[in-house]
Amino acid sequence: MIRTFVCIFLIAALFSCKSGKKSLNSEESISAEDFVESFPELVLPYSLADTSLDNKLGDSALINPKLVKQFIPDTLFKKDFKTGKPKFYALGRASDKNEDHYLLIKAATPAKQVAYILCFDKKNVFKAAMPLVNNSLEKNVELEGSVDKKFTISRNRKKKARDGQIYYSRKVYVYNNVGTFTLILMESNEVAEESEVFNPLDSAKASFKWTGNYVKDKKNFISVRDGSKPQRLNFFIHFEKNNGECTGEIKGEADLVQAGTAIYSSAGDPCSLELKFTTDKVTVTELSGCGNHRGIKCFFNDNYPKKLDKAKKKSQARTK
């Protein structure tokens, strides 16, 4: 009888150890499956307001930065956290009928908090990620991110104007089988304002053969600058087509694979672009999965004429 009891106890103990969730805040190395399964399960629909991001989470939700770096590309966080090292917290997990796993993770510093949604496939391989909601820097603006039972992802913004009028905007995304979150719907009652597009590379060094500005107009252009290595180019593309109904924007670094041809491809981003340069233009071709950087019904495919600087224009005018 005692032997039987001991056997049952050992089997139960073994089972509980095997099925127990791993600690995400441990120095212990874990598998991708353990990493995914260790997130607490979410009940959908789920929503998260920007004001809730300030709520303190216990140490049980902390994720060791080494595990984050092991399973998630660090490029995801660089745009939001250029300075300071954020702490990471596991918010939750849900799985769809295709066994894709959606993880919610919070990155936080004292000054900034951002919640991201990540997708791992049924083999627990990271596929895509995007910000879901961040803390608002404007007192009259409220932000919210949500995921419904159909795994439709919404990012909502509400602003109260001085006259009491409430303005809103809503962007809706879905994860697709090419490994990206795609924008499928935009709604807004905000008044469209004509504004100049900020070019983050405008003052960067441009000494390489293919560098410069390639411009159709002030809303459709590419800036190309020197890269971090001799065979790389920094670029920024912005376009607005069909009276602003279709927009896209991307910033990255492309590798020169042959004379006049550069390819953009980055870890954690399914988007891939080809940039073909001639003396007077650049041709952009979308090779794969750039839906996270543009509207669903438009593409980066286009030609942009090179804009000559004032000195070259004067030189050409003298020769005519």
Side-chain angles (χ1 to χ4, degrees), residues 65 68-86 107 116 118 125-131 178-181 197-216 218-240 247-294 298-312:
V68 174
K69 191 172 183 178
Q70 180 181 349
F71 298 112
I72 305 169
D74 58 3
T75 52
L76 173 64
F77 310 106
K78 285 183 177 179
K79 183 178 180 180
D80 295 310
F81 298 94
K82 295 178 181 178
T83 58
K85 294 182 179 180
Y116 300 87
L118 302 81
V125 176
F126 173 84
K127 303 300 291 186
M130 62 176 281
V178 298
T180 185
F181 291 106
V197 178
F198 171 69
N199 180 0
L201 300 182
D202 192 40
S203 59
K205 187 177 179 181
S207 61
F208 194 71
K209 181 177 181 180
W210 309 114
T211 56
N213 293 323
Y214 298 79
V215 182
K216 297 181 76 171
K218 62 182 181 180
K219 298 289 187 180
N220 297 270
F221 64 87
I222 303 179
S223 282
V224 183
R225 299 292 188 266
D226 295 6
S228 58
K229 296 181 180 179
Q231 293 302 308
R232 286 183 178 176
L233 298 173
N234 262 323
F235 71 91
F236 173 72
I237 305 176
H238 180 93
F239 70 80
E240 297 184 21
T247 63
E249 186 175 282
I250 186 171
K251 178 179 177 292
E253 198 169 40
D255 293 305
L256 281 162
V257 294
Q258 61 184 52
T261 302
I263 300 293
Y264 165 74
S265 180
S266 177
D269 186 355
C271 178
S272 179
L273 296 171
E274 179 189 69
L275 284 69
K276 270 189 172 295
F277 298 91
T278 63
T279 55
D280 59 354
K281 70 176 182 179
V282 60
T283 300
V284 181
T285 303
E286 188 171 321
L287 301 179
S288 65
C290 297
N292 205 28
H293 303 282
R294 55 160 174 76
C298 50
F299 299 89
F300 282 97
N301 303 334
D302 213 335
N303 298 308
Y304 297 84
K306 188 166 188 178
K307 182 180 180 181
L308 298 177
D309 58 35
K310 293 181 180 179
K312 287 184 178 179

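- Scanning both residues, K82 and K79, for their nearest heavy atoms gives CE-O, 3.7 Å.
- Once rounded to the nearest 0.5 Å, the distance linking CG of L118 with NZ of K127 reads 13.5 Å.
- V284 is listed as a side-chain neighbour of I222, based on a closest heavy-atom distance under 4.5 Å.
- Here the NE2 atom belonging to H238 is positioned 10.0 Å from the CZ atom belonging to F300, to the nearest 0.5 angstrom.
- Judged by distance alone, with hydrogens and angles left aside, the side-chain atoms of T261 form no donor-acceptor pair with the main-chain N or O of F277 at under 3.5 Å.
- Contact of the F235 side chain with the I250 side chain is registered, since non-hydrogen atoms from C-beta on lie closer than 4.5 Å.
- Residue R225 comes nearest to T211 through the heavy atom pair C-CG2, 3.4 Å, listed as atom of the first residue, atom of the second, then distance.
- Atom CD1 in I237 sits 11.5 Å away from atom CG in N199 (nearest 0.5 Å).
- We find the NZ-CH2 distance between K306 and W210 to be 8.0 Å, quoted to the nearest 0.5 Å.
- No donor-acceptor distance shorter than 3.5 angstrom exists from the side chain of D255 to the backbone of V257, with no hydrogens or angles considered.
- Of all heavy-atom pairs between P131 and Y116, the closest is CA-CD2, 3.7 Å.
- The salt bridge (charged side-chain N to carboxylate O under 4.0 Å, His left out) test with R294 is passed by exactly one of E249, E240, E286: E286.
- Within the 4.5 Å cutoff, side-chain heavy atoms of I263 are placed close to those of S272.
- Annotation: side chain of D302 is not in contact with side chain of F239 (no heavy-atom distance under 4.5 Å).
- Looking at every heavy atom in both residues, E253 comes nearest to S228 through OE2-N, 2.6 Å.
- What you find for Y264 and G252 is that their closest heavy atoms are CE1-CA, 4.0 Å.
- The two residues G212 and A206 make their nearest non-hydrogen contact at N-CB, 4.5 Å.
- We find the CG-NZ distance between D226 and K205 to be 5.5 Å, quoted to the nearest 0.5 Å.
- Between the CG atom in N213 and the CG atom in L308 there is a gap of 11.0 Å [rounded to 0.5 Å].
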What do the steps show when you test F77 against I72 for side chain to side chain contact (heavy atoms under 4.5 Å, CB included), and what is the final call? CA-CA 10 Å; F77 310 106; I72 305 169; 4.0 Å; yes

Assess the residue pair T180 and N292 against the criterion (side chain to side chain donor-acceptor pair (under 3.5 Å)); give the C-alpha distance rounded to whole Å, side-chain angles, the decisive distance to 0.1 Å, and a yes or no. CA-CA 6 Å; T180 185; N292 205 28; 4.9 Å; no

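- Side-chain contact check for K85 versus P65: every heavy-atom pair is 4.5 Å or farther apart.
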If you apply the rule side chain to side chain contact (heavy atoms under 4.5 Å, CB included), what do you find for V197 with K219, and how did you get there? CA-CA 7 Å; V197 178; K219 298 289 187 180; 3.9 Å; yes

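- The distance between the ring centers of Y304 and F221 does not fall below 6.0 angstrom.
- Side chains of L275 and L233 form no contact here, defined as non-hydrogen atoms less than 4.5 Å apart.
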